[in-house]
Colleague: 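What follows is a structure written as structure tokens; I'll ask about it next.
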Amino acid sequence: MERSENGTMVPVGAGIVTALVGYTSAFAVVLAGLRGVGASPGQAASGLLAVTVTMGAASALLSWRYRMPIISAWSTPGAALLATTGAVAGGWPAAVGAFVVCGVLFVVTGLWPALARWVQRIPTPIAQAMLAGVLLPLCIAPVKALAAHPAAVAPVLLVWLVLLKVRPRWAVPLAFVVALVVIAIALVRDDAVPAFSALVPHVEWTTPAWTLQAMTGVLLPLYIVTMASQNIPGAAVLATYGYSVPWRPALTVTGVLSAVGAPFGGHAINLAAISAALAAGPDAGPTSRRWIAGVSSGAANLVLGVVSTGLTAVVLAAPEGVIQAVAGVALVGAFAAACAGAMAEVEARVPAAVTFVVAASGTTVAGIGSAFWALVVGIVVYLLLGVRRSSE
């Protein structure tokens, strides 16, 4: 008992839970995002492996070096953004080029704090409304999937709804487990079990390319949504538990690893926001030992990276609608939070609503996706109406 309370068992367990909850709650969103910007099944599998391994390495390294539970995660909002962006000029290589530059921008942000302050000056209602608009189509997907494929989708949604009441933390992971059961039954029934070669971990190199459309339609929204919805809130979450995140090293490590993982398909890693509380809170043991949770979370993600290729093969062979349902319910919480943030300030509700509508429209103008135009239009309307920031 002494070892359990004051040693390593509690934080190690908390770290493993953090990794499992974070991975199972959002990996379907990552796959949808990579596929959305043109990745083949093999490239998407490689990208999932890349972000899982790099975020595991970042968590372990930063937590061990700074003796605090610094959890790194893939950019779930960024993946959702990619899922609604669609193919860009230059195809998948151009998307990879945008991922590389995004990683470099994270490093620059760490070295040049003025850039982070610039991101923070984007009105919160506008940034949150853009995110909500991006998430809306993905959150609607389970409804459409249920109508089209009730037998396959209903069990997933039912388990999610029940667990949301009794064990909210495990609602999405256990819904995913049910989805795996549904997928397994369908694969055996249809004699469509993936070959063993498809289950072996592998990475695929993509030589980056750079196009103007990818820089404006992928890079800028991906950078902004990751900074505004992940890195900045992630540092704030740790601050609530008494930890002061070493901003420059954290962004440098996550930025470098994002750029390194990009040619293998990884879109971006960052400071975790929601899952950070699992490793930094009281349930992770004594304050002085919680850094161990960050290390064990990183180690667990390295293991998950090994199985990610096989999991991707199974998921991509799933009956239509099942994975859309899992991805959709995984984003409902983020959608609700984004809506609340967008509409919190009464004076900013009209600009926020305009931003939301533009982002949710999915409209592409001049080859550039709706997320970018939502930010532009939203900020213009915000300034034209003379809305004052709540902090002013």
Side-chain angles (χ1 to χ4, degrees), residues 8-31 45 47-79 163 167-177 179-180 201 230-231 233-234 237-238 241 243 245 250 253-254 257-258 261 266-285 289-312 314-315 326-327 330-331 333-334:
T8 61
M9 297 304 294
V10 170
V12 165
I16 293 173
V17 168
T18 299
L20 288 174
V21 170
Y23 186 89
T24 56
S25 296
F27 90 96
V29 182
V30 173
L31 288 178
L48 180 62
L49 189 154
V51 290
T52 306
V53 169
T54 51
M55 73 185 189
S59 296
L61 176 61
L62 289 169
S63 297
W64 173 79
R65 172 63 180 83
Y66 294 99
R67 290 301 194 267
M68 62 179 73
I70 303 175
I71 304 298
S72 177
W74 52 48
S75 175
T76 302
L163 269 294
R167 289 289 186 274
R169 180 186 300 177
W170 292 99
V172 174
L174 290 182
F176 165 67
V177 172
L180 284 183
Q230 293 285 129
N231 280 327
V237 167
L238 286 179
Y241 293 102
Y243 299 101
V245 175
V253 169
T254 55
L257 288 177
S258 291
H267 65 298
I269 64 170
N270 43 247
L271 294 176
I274 298 175
S275 60
L278 299 177
D283 290 343
R289 307 292 287 172
R290 291 176 196 168
W291 65 271
I292 297 173
V295 175
S296 67
S297 174
N301 274 314
L302 295 178
V303 174
L304 288 170
V306 174
V307 304
S308 64
T309 300
L311 195 56
T312 302
V314 172
V315 164
V326 175
L331 293 170

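The figures here come from the full heavy-atom set of this structure, side chains too, leaving out hydrogens, waters and symmetry mates.
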Colleague: Specify the closest pair of heavy atoms between Ala284 and Ala293, including all atoms of both residues, with the distance to one decimal.
Modeller: CB-CB, 4.5 Å
Colleague: What heavy-atom pair brings Gly305 and Ser308 nearest, and what distance separates the two atoms?
Modeller: O-OG, 2.7 Å
Colleague: Evaluate side-chain contact (heavy atoms from CB on, under 4.5 Å) for Leu331 paired with Thr76, printing each intermediate quantity in order.
Modeller: CA-CA 9 Å; Leu331 293 170; Thr76 302; 3.7 Å; yes
Colleague: So do the side chains of Leu257 and Val53 get within less than 4.5 Å of each other, counting heavy atoms only?
Modeller: no
Colleague: For Ala28 and Val326, work out which heavy atoms get closest and say how close.
Modeller: CB-CG1, 4.4 Å
Colleague: Are more than 12 heavy atoms, taken from residues, nucleotides or ligands other than Arg167, located less than 6.0 Å from that residue's CZ atom?
Modeller: no
Colleague: If I compare all heavy atoms of Val29 with all of Ala330, which pair ends up nearest, and what's the gap?
Modeller: CG2-CB, 4.4 Å
Colleague: Could you measure the distance from the OH atom of Tyr241 to the CZ atom of Arg290? Nearest 0.5 Å is fine.
Modeller: 8.5 Å
Colleague: Find the distance between CG (Leu61) and OH (Tyr66) and round it off to the nearest 0.5 Å.
Modeller: 8.0 Å
Colleague: Sequence neighbours excluded, which residues qualify as ring pair (Phe, Tyr, Trp, His ring centres under 6.0 Å) partners of Phe27?
Modeller: Tyr23, Phe176
Colleague: Could you give the distance from OG1 (Thr52) to CG (Asn301), rounded to the nearest 0.5 Å?
Modeller: 6.5 Å
Colleague: Rounded to the nearest 0.5 Å, how far does CG of Leu31 lie from CG of Leu311?
Modeller: 8.0 Å
Colleague: Between atom CG of Leu174 and atom OG1 of Thr24, what is the distance when rounded to the nearest 0.5 Å?
Modeller: 8.0 Å
Colleague: Do Trp74 and Leu48 make a side-chain contact, defined as non-hydrogen atoms from C-beta onward lying under 4.5 Å apart?
Modeller: yes
Colleague: Which atom pair, heavy atoms only, marks the closest approach of Ser72 to Met55?
Modeller: CB-O, 3.6 Å
Colleague: Check Ile71 against Thr18 and note the closest heavy-atom contact, atom names and distance.
Modeller: CG2-CG2, 4.3 Å
Colleague: First locate atom OG1 of Thr254, then atom CD1 of Ile269, and finally report the distance between them rounded to the nearest 0.5 Å.
Modeller: 5.5 Å
